[in-house]
Asker: 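So that we are looking at the same thing, I have put the structure below in structure tokens.
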Amino acid sequence: MWQFGRENIKQFKKSEEAFGNPLMGYAPGAWNLEISQDISLLYMDITWAKLEPEEGVFDWETIERENQLARWRSEGRHLVLRFVCDLPGDKPHMDIPKWLYEKTGGDGTWYEGAYGKGFAPDYNNELLIRYHSLAVQAMGEHLGKDGLIAFVELGSLGHWGEWHVNYGQGIRRMPKESVRNQYVTPWLEAFPEAFFLMRRPFAIAEACSMGLYNDVAGKKEDTEEWLQWIREGGTYSQTMEENALCAMLDFWKKAPSGGELTSALSMEKMLQIDLEETMELIRSSHTTFLGPNIADKTYKEGYDQLLGNMGYRLWISKARWKRNLLELTWENDGVAPFYGDWKVYLYLENPEGKIVENPQADITLSQILPGEQVKTAILFATEKVTNLLREGYRLSVGIEDPMTDRPQVRLAMNCKYKNGKNILWDGLK
């Protein structure tokens, strides 16, 4: 809608449509050969045994091939990474390398129980800590340079990398804080551009402004306990350390809330029978992404409802011209910010589709919190831009991914979206 006078104003309406976007939404396993178009984030876990089959020899070829990293880079999709030392399975096995098992003198516990079968290393072992640091350094050198890894779920410790062990079966308890932190600090240097998430709100997570992840999303009792840790902090039951958990109520304003849907409940129950409850748990957790266990598209309404209630939903509510100065009013109708401070550009195209001006907007997207407005002004060098728009020029806005240098974010507003650009004025034929 145009209003003419000294100021030209165009107002937009927000969209209620559910769709995927970069750095948010569903994150299925990176090994999947077929994914839907709404997927921009993939999940990759790496076991130490697969990473380093021989001391100092890293099998990048297998990891890259099995997780299709070249494909995801070329398609402009990003990854969630988790490193795992103990993945319970159906058969006795180890997820640390055999050479490391021998070097540490078999320090740990073979187990067989309700979680499955496997080997839990003794995380207090100094050799294990030293070699873990070297492994993380190697992952950073190979994977941490180009922005492919957007989020790191800090694993390493415990079953599934979830910072807990079934000590009731005789497995040695998790280490104390001073030892646990030695499994965290190497990551900070190895992946300087990534966002980190921890399974619980530990002190180091608070100190480093990390995110948190919940691997039982959709399960009411367990999610409410997780949210209670975030609200109140408390005792870490694995070690009985009082105040090891810190209140981190507003953590999501700086770093993401992630995790995956619980495998303890059926998709029918989460996405159909108890859909409202599941959706409220997702919203109250300020969830940005879920994976690798994601919603089943068989339950399309539930799939779409969860997707529409995850992450950011940036949009422009108003555009106002003052001569060649364009003021845009940005809003966020989602449950979380956009965590990547990607650059925002305007694209002024002539009737032949050629870009005649491409100014950058001075805006920090991560500052647009849900329910808030942020305004930015862009000065165009081209004279009488509004006249050109009436005469058939097009003006679009795009948010460019630094990994690809391509615009890739769709705004949650009623406007045309083409080739990563959100079209504010469309005079092209």
Side-chain angles (χ1 to χ4, degrees), residues 14-30 35-44 72 75-82 147-153 193-197 210-215 217-218 251-261 278-279 281-295 297 302-315 330-342 344 364-372 398-404 406-413 417 420 422:
K14 67 181 179 182
S15 170
E16 302 297 334
E17 183 181 353
F19 50 83
N21 247 334
L23 307 186
M24 62 150 286
Y26 294 118
I35 60 167
S36 55
Q37 290 187 346
D38 57 25
I39 300 299
S40 293
L41 198 61
L42 288 303
Y43 171 91
M44 174 176 68
W72 307 135
E75 294 180 6
R77 306 178 201 265
H78 294 263
L79 269 66
V80 180
L81 170 65
R82 190 187 302 189
L148 177 67
I149 306 298
F151 305 127
V152 175
E153 292 182 342
E193 302 301 321
F195 285 89
F196 299 97
L197 300 86
M210 294 183 185
L212 301 170
Y213 65 92
N214 174 24
D215 277 354
F251 79 92
W252 59 271
K253 293 181 179 180
K254 295 182 179 179
S257 171
E260 67 172 339
L261 288 173
T278 305
M279 195 163 58
L281 291 172
I282 296 301
R283 289 189 63 84
S284 61
S285 299
H286 294 277
T287 305
T288 281
F289 67 86
L290 291 173
N293 192 30
I294 69 172
K297 270 197 169 180
Y303 181 100
D304 288 344
Q305 289 275 12
L306 261 60
L307 180 58
N309 283 276
M310 275 192 275
Y312 62 89
R313 289 182 64 84
L314 296 172
W315 67 295
W330 293 76
E331 300 192 35
N332 185 350
D333 194 43
V335 298
F338 177 80
Y339 296 103
D341 282 326
W342 296 359
V344 180
T364 303
L365 294 176
S366 61
Q367 294 180 356
I368 311 175
L369 297 178
E372 296 186 2
I399 301 171
E400 296 193 359
D401 183 345
M403 185 177 75
T404 63
R406 299 195 302 262
Q408 291 188 210
V409 177
R410 178 179 174 184
L411 299 180
M413 56 193 287
Y417 179 69
N422 303 270

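The structure displayed is predicted, hence computed values, not measured ones.
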Asker: Sequence neighbours left out, what passes side-chain hydrogen bond (donor to acceptor under 3.5 Å, both in side chains) with E153? Give chain and number order.
Answerer: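 side-chain hydrogen bond (donor to acceptor under 3.5 Å, both in side chains) list for E153, sorted by chain: R82.
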Asker: Which pair of heavy atoms, one from G291 and one from I294, lies closest together, and at what distance?
Answerer: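 Of all heavy-atom pairs spanning G291 and I294, the closest is CA-CG2, 3.9 Å.
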Asker: To check you understand the geometry: which heavy-atom pair defines the closest contact between G29 and P292, and what is its length?
Answerer: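 Nearest heavy atoms, G29 then P292: N-CB, 3.9 Å.
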Asker: Under the 3.5 angstrom rule, does the side chain of E193 hit a backbone N or O of G147 as a donor-acceptor pair?
Answerer: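 Pair absent, no side-chain N/O of E193 close to backbone of G147.
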Asker: When you compare the side chain of D401 with that of R406, does any pair of heavy atoms fall below 4.5 Å?
Answerer: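 No, too far: nothing below the 4.5 Å cut-off.
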Asker: What is the distance from atom OG of S366 to atom NZ of K253, rounded to the nearest 0.5 Å?
Answerer: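 One gets 13.0 Å once the value is rounded to the nearest 0.5 Å.
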Asker: Can a donor-acceptor pair be found, under 3.5 Å and without considering hydrogens, that links the side chain of R77 to the backbone of I39?
Answerer: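 Side chain of R77 to backbone of I39: a pair is present.
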Asker: What is the distance from atom CD of E17 to atom CG of D304, rounded to the nearest 0.5 Å?
Answerer: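 Spacing of CD (E17) from CG (D304) equals 9.0 Å.
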Asker: List, one per line, each side-chain donor-acceptor pair under 3.5 Å for residues 330-337, sequence neighbours excluded.
Answerer:
residue	atom	partner	partner atom	Å
E331	OE2	S317	OG	2.9
E331	OE2	Q373	NE2	2.9
N332	OD1	R313	N	3.1
N332	OD1	G334	N	2.8
N332	ND2	A336	O	3.0
N332	ND2	I368	O	3.0
D333	OD1	K14	NZ	3.2

Asker: For P256, is there any backbone N or O sitting under 3.5 Å from a side-chain donor or acceptor partner on Y213?
Answerer: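 Side chain of Y213 to backbone of P256, a donor-acceptor pair under 3.5 Å: no, none is there.
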Asker: Is K297 atom NZ crowded by more than 12 heavy atoms from other residues, nucleotides or ligands, each under 6.0 Å away?
Answerer: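 Atom NZ in K297 is packed in, count exceeds 12.
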Asker: To the nearest 0.5 Å, tell me how far M310 CE sits from N21 CG.
Answerer: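 That separation rounds to 12.0 Å.
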Asker: Rounded to the nearest 0.5 Å, what's the gap from CG on L212 to CH2 on W252? Could you check?
Answerer: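 Interatomic distance, L212 CG to W252 CH2, rounded to 0.5 Å: 13.5 Å.
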Asker: Once rounded to the nearest 0.5 Å, what's the spacing between atom CE of M413 and atom CG of L314?
Answerer: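 With rounding to 0.5 Å, CE (M413) is 11.0 Å from CG (L314).
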Asker: Any side-chain heavy-atom pair from L148 and M44 closer than 4.5 angstrom?
Answerer: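 No. Closest side-chain heavy atoms not under 4.5 Å.
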Asker: With a 4.5 Å heavy-atom cut-off, do L411 and I399 have their side chains touching?
Answerer: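 They are in side-chain contact.
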Asker: Mind listing the closest non-hydrogen atom pair of A27 and Y43 along with its distance?
Answerer: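 It is O-CB, 3.5 Å.
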Asker: Measuring from atom CG of L261 to atom OG1 of T278, what distance do you get when rounded to the nearest 0.5 angstrom?
Answerer: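 So the gap between those two atoms works out to 8.0 Å.
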Asker: Can you tell if the side chain of F151 reaches within under 4.5 Å of the side chain of L41, non-hydrogen atoms only?
Answerer: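 They are in contact (side-chain heavy atoms under 4.5 Å apart), so the answer is yes.
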Asker: Determine the minimum heavy-atom distance between P22 and S40, stating which atoms define it.
Answerer: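 Shortest heavy-atom contact: CA-CB, 3.7 Å.
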Asker: Please answer whether the main-chain N or O of L79 pairs with a side-chain N or O of W72 as donor and acceptor at a distance below 3.5 Å.
Answerer: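 No; judged by distance alone, with no hydrogens or angles, the pair does not exist.
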Asker: Is there side-chain contact between Y303 and Y26, with heavy atoms separated by less than 4.5 Å?
Answerer: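 With C-beta onward as the side chain, the pair touches.
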Asker: In chain order, what residues pass the side chain to side chain contact (heavy atoms under 4.5 Å, CB included) check against N309, with sequence neighbours excluded?
Answerer: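 Testing N309 for side chain to side chain contact (heavy atoms under 4.5 Å, CB included), a comparison that skips the adjacent residues, returns M279, R283, Q305.
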Asker: Is it the case that the side chain of S257 and the backbone of S285 share a donor-acceptor pair, with hydrogens and angles ignored and the cut-off at 3.5 Å?
Answerer: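 Between the backbone of S285 and the side chain of S257 there is a qualifying donor-acceptor contact (under 3.5 Å).
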Asker: Describe, in one word, how the ring planes of Y312 and F338 are oriented to each other, choosing from parallel (under 30°), tilted (30 to 60°) and perpendicular (over 60°).
Answerer: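 Perpendicular.
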Asker: State, yes or no, whether a side-chain contact exists between L365 and V409 at a heavy-atom distance under 4.5 Å.
Answerer: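 Side chain of L365 against side chain of V409, heavy atoms only: no contact under 4.5 Å found.
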Asker: How about N422 and R410: do any of their side-chain heavy atoms sit closer than 4.5 Å?
Answerer: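 Yes; the side chains approach each other to less than 4.5 Å.
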Asker: If you define the side chain from C-beta out and look only at heavy atoms, does anything of L197 sit under 4.5 Å from V80?
Answerer: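 Answer no - side chains too far apart.
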